[in-house]
Amino acid sequence: MATFPSSTPLVVLLADDDRSTRLILRMVLQKEGYEVVETENGALCLEAFMNRKPDIVILDAQMPVMDGFECCKRLKQLPFGDRIPVIMLTGLQTPRDMDAAFQAGVADFVSKPVHPPLLSRRLHYILKSAQSEIALRESEERYRLVVDNLQEVIFQTDLEGRFSFLNPAWTAITGFAQDSAIGQPLLDYIYPDDGPKLAHALHEMALSQLPHLRTEARFMTADGNIGWMDLYISPLMSREDTIVSMSGSFSQITERKSRQLLDKLEYSVVQVLAESMTLAEALSNLLPVMGQAMAWEQGELWQLNPVSKGIDCVEQWHSQVGSVKVPEPYLSEEEAHHFWTHGTYTLVANLFNSVEGAQGLTCALTPRSVIVIPILGGDACLGMIVFVPTSRFLGDASLLKCLDSIGAQLNTFILRKLAEEEVARYHDQMCHELRQAADYIRALLPPSLSGTVSIRHLFVPSSDLGGDIFDYYWLDPDHLVVYLVDVAGHGVQSALLSISILNVMRSRSLQNDDYYVPAKVLQALNHIFQMDMQGNNYFTMWYGVYDRVQRTLTYACAGHPPALLLAANGEVQKLSTGGIAIGLLPEIDYEQGVHEIGEGNCLYLFSDGVYEIPQDNGQVWGFEAFAQLVADEPQPQPDQLESIFSQISHINRSKAFEDDFSLIQLKFNGEESSYFVSTEDHLRFEQGTLSKARS
């Protein structure tokens, strides 16, 4: 349940065109303590957003009227929309889709079918992060208000940009005396790299081409450090509408800019480590990336020499020459050796004094100060990265904390690479075991049937093993049962749950009469397989009973795709009762439907892996396209399943299926094709084994 401190429940705005998905998510979210507002497309979502002001938005990627991508983009343009996190529900996670979603402003993805515990954890994490961000923004706004009233510099200049007035905050921020600054140009106190841009803007303002100027710039302080200011300047006009002087203000934003710079540094390091395949590649790329991010002067990589047992400078970087080697390392071998033998933590050291650890200590850097980041493999020091900084204002505790974090990431990266080598040794064995598990699932599936009803199937497990299982057999000489189960998720856990369901069905663990009543079967299974008792897994199911005498099909559905009934004239009907998946909520009643079956009718039962196939255009092939493919198939033909599978494989570009492919075909024949049921077969009916005997 959500645990955020609030007098009212957090509001979740849900937009999804699929009613079943909305129903499932609403039940799950309400169970977690959220208030849920539902809409069925992006346009209605925007309207609901303005009316309700939700705490978080969940969007389906593919919706009519307006899809999730466009809805998210427009939502972010609404008042306060940029502060509300958005989660995208999608069956696709291609790089192009992810880029488009993140550009639109999406905070995270959740794949379909939705796994409730995963959705709950991500909601909690994102909401917590969003509330922390709001708290941070409010804190910054309060801080800015205090600065505006107490510590903001108010100034006035003549048309040449020379100070004519300064308030006392000038000395508090810059360290320069007010009297000495009066009459001096503003640009004299601006950092040289930012001066030309600011001078150009002031010139345009003097020519009446700019009504005002709002910018960020670096400034010099009396003690030789560098700070950041948020600068605002506007012209003062005479009665004749000419500019006579300029007035403005600036507040110090050094801490915020410093944090942004350190965030950029950490992000750059994370990106390098994520994209590097080897430790050598990562270390080589870190020198220019970190050096450029912080505008440092020089970087060196020192590593242990396995032959001499000493430490050598193996790579260098310099801000002026890029990747070209500089003539000599900045550190001497003696200095490097000293750092290496004591390099168990990040430090900022003054080479003119004795080397001391500066962890957690604010240090003013001298012209020969260095920043040392140890490279640790577990507890062993393998080397170090050394940088020569150019700016002194960053030599503080926040920099040290950031560099400590980078060192920890490097250590984790090294240990991960060692672990990956270990994992690689077991990879082939794991793949072999997954193939064996898939073969075991195949062995449990029923054989083809012939007679009054002819049944064939195709089952192609995904590479990581999904949770599909199905069965069909005669309950008695006049009643045939057929069902298909699709457990959420992939892997051994999902496969084990599907086998457990099959065992319950084949062992007749439910009441015997229940097997003739589909709604009772689903209700009984929902009672047995609640997800909190099954490793947080749930499953969908389609269950039907065919009465050979009455020629009727009674069926019930629990969150599963509809079955397709194909008439002899080519008409296709979708058979579904719209219940929710089994295991999500207890005490759920399921409805059932009845349909007359004509001679020559054909029923197709399948899992969503048959039609949820990503396309190059970013769309999913989809259920309706599959239904049309079935309707267009010539009827009847002996290799009909193979023909359908061949066409879908072509649509999937002959790649491995991302989910289990399960497809069952039932052909309802005339009475002349019925078979004789012997006394021995009656015994098999009672034991539930006739389907195997009829193979």
Side-chain angles (χ1 to χ4, degrees), residues 140 143-237 243-262 264 293-297 319 362-367 369 389-396 398-399:
E140 287 184 349
Y143 172 77
R144 178 61 184 270
L145 182 62
V146 171
V147 170
D148 287 345
N149 288 304
L150 299 177
Q151 295 185 359
E152 187 169 290
V153 174
I154 308 299
F155 66 87
Q156 187 171 350
T157 73
D158 58 21
L159 290 178
E160 285 71 35
R162 292 187 294 266
F163 286 123
S164 57
F165 170 81
L166 283 166
N167 69 339
W170 165 263
T171 302
I173 291 178
T174 68
F176 293 104
Q178 290 175 258
D179 293 342
S180 64
I182 297 296
Q184 301 298 318
L186 165 64
L187 292 176
D188 283 359
Y189 300 92
I190 300 299
Y191 187 68
D193 289 351
D194 296 344
K197 180 181 178 181
L198 180 58
H200 178 72
L202 293 175
H203 179 69
E204 288 187 329
M205 183 179 294
L207 297 176
S208 300
Q209 294 180 358
L210 285 178
H212 58 80
L213 173 65
R214 180 72 177 271
T215 187
E216 294 178 352
R218 286 170 287 184
F219 65 92
M220 308 298 297
T221 64
D223 57 5
N225 283 332
I226 303 171
W228 278 88
M229 67 169 73
D230 184 3
L231 177 65
Y232 178 83
I233 304 177
S234 61
L236 291 176
M237 311 300 293
I243 300 176
V244 295
S245 63
M246 298 182 189
S247 67
S249 63
F250 73 78
S251 57
Q252 184 172 217
I253 57 171
T254 303
E255 183 177 351
R256 189 184 79 193
K257 295 298 290 188
S258 174
R259 184 65 258 172
Q260 290 176 352
L261 197 59
L262 295 179
K264 179 181 178 182
M294 297 300 293
W296 285 332
E297 179 181 339
S319 60
T362 299
C363 276
L365 306 185
T366 68
S369 294
T390 53
S391 299
R392 296 200 290 163
F393 80 99
L394 283 177
D396 56 15
S398 61
L399 170 64

Any side-chain heavy atom of [X] within less than 4.5 Å of one from [Y]?
{"X": "Met229", "Y": "Val153", "answer": "no"}
{"X": "Met220", "Y": "Tyr191", "answer": "yes"}
{"X": "Ser245", "Y": "Leu236", "answer": "yes"}

Atom of [X], atom of [Y] and distance for their closest heavy-atom approach:
{"X": "Thr215", "Y": "Leu198", "answer": "CG2-CD1, 4.3 Å"}
{"X": "His212", "Y": "Met205", "answer": "C-CE, 3.5 Å"}
{"X": "Pro196", "Y": "Pro192", "answer": "CD-O, 3.3 Å"}

For Phe155 and Leu231, what are the C-alpha separation, side-chain angles and deciding distance, and is it a side-chain contact (heavy atoms from CB on, under 4.5 Å)? CA-CA 11 Å; Phe155 66 87; Leu231 177 65; 3.8 Å; yes
Please test Met246 against Leu213 for side-chain contact (heavy atoms from CB on, under 4.5 Å), starting from the C-alpha separation and ending with a verdict. CA-CA 11 Å; Met246 298 182 189; Leu213 173 65; over 6 Å; no
Applying side chain to side chain donor-acceptor pair (under 3.5 Å), can you list everything that pairs with Gln184, at least two apart in sequence or on another chain?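 Here no residue qualifies.
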Please lay out, stage by stage, how Ser251 and Asp230 fare under the test side-chain contact (heavy atoms from CB on, under 4.5 Å). CA-CA 5 Å; Ser251 57; Asp230 184 3; 3.8 Å; yes
With rounding to the nearest 0.5 angstrom, report the NZ to NZ distance, Lys264 to Lys257.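 Reported value, rounded in 0.5 Å steps: 9.5 Å.
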CG-CD distance between Leu202 and Glu160, expressed to the nearest 0.5 angstrom: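 So the CG of Leu202 and the CD of Glu160 are separated by 12.0 Å.
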Please work out whether the ring planes of Trp170 and Phe250 are parallel, tilted or perpendicular, with thresholds of 30° and 60°.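 It falls in the perpendicular class, over 60°.
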Can you check whether [Y]'s main-chain N or O pairs, donor with acceptor, with [X]'s side chain at less than 3.5 Å?
{"X": "Thr221", "Y": "Thr174", "answer": "no"}
{"X": "Gln178", "Y": "Leu166", "answer": "yes"}
{"X": "Asp194", "Y": "Ala217", "answer": "no"}
{"X": "Asn167", "Y": "Glu152", "answer": "yes"}

I would like to know whether Ile243 and Met237 meet side-chain contact (heavy atoms from CB on, under 4.5 Å); could you show each step before the answer? CA-CA 5 Å; Ile243 300 176; Met237 311 300 293; 3.6 Å; yes
Candidate list Ile173, Leu186, Ile226, test side chain to side chain contact (heavy atoms under 4.5 Å, CB included), partner Phe219, passing option: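 Checked Ile173, Leu186, Ile226 against Phe219; only one passes side chain to side chain contact (heavy atoms under 4.5 Å, CB included): Ile173.
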